[in-house]
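Shown next, in structure tokens, is the structure this report addresses.
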Amino acid sequence: MGIISWIVLGLLAGAVAKMLLPGRAPGGLIGTTLIGVAGAFVGGWLSARFLNRPVETELFDLYTWGAAIAGSLVLLIGIRILVGNSRE
């Protein structure tokens, strides 16, 4: 996948992660994209390391999306633990 594909995947995976874990999180659109892209890498690494299933390099692979969303959720939870989850 190219860099544009990673950004699109990250933006969508970060948005899905924020929808699954509602609440106030820092960052806005850029933060969502960064969380999603980093989450895609984290999800891919966790998948390859612990599940012995490396992520495919195709954008439209369902497993790639699952790993990216799961990684984004892990990062979003970690950020909320460190920063705090305020609903104000």
When clusters are formed by joining ILVMFWY residues with side-chain heavy atoms under 4.5 Å apart, either directly or through shared neighbours, do Ile81 and Leu76 land in the same one?
yes
Arg80 side chain vs Leu21 backbone, donor-acceptor pair below 3.5 Å:
yes
Spacing of Ile35 atom CD1 and Leu11 atom CG [to the nearest 0.5 Å]
11.5 Å
With heavy-atom distances below 4.5 Å as the criterion, would you say the side chains of Trp65 and Leu12 are in contact?
yes
Is the shortest side-chain heavy-atom distance between Leu20 and Leu73 below 4.5 Å?
yes
Checking side chain to side chain contact (heavy atoms under 4.5 Å, CB included) against Leu75, which of Leu34, Val42, Val37 comes through?
Val42
Please tell me whether Phe50 and Ile69 are part of a single hydrophobic cluster in this structure, the criterion being side-chain heavy atoms less than 4.5 Å apart.
yes
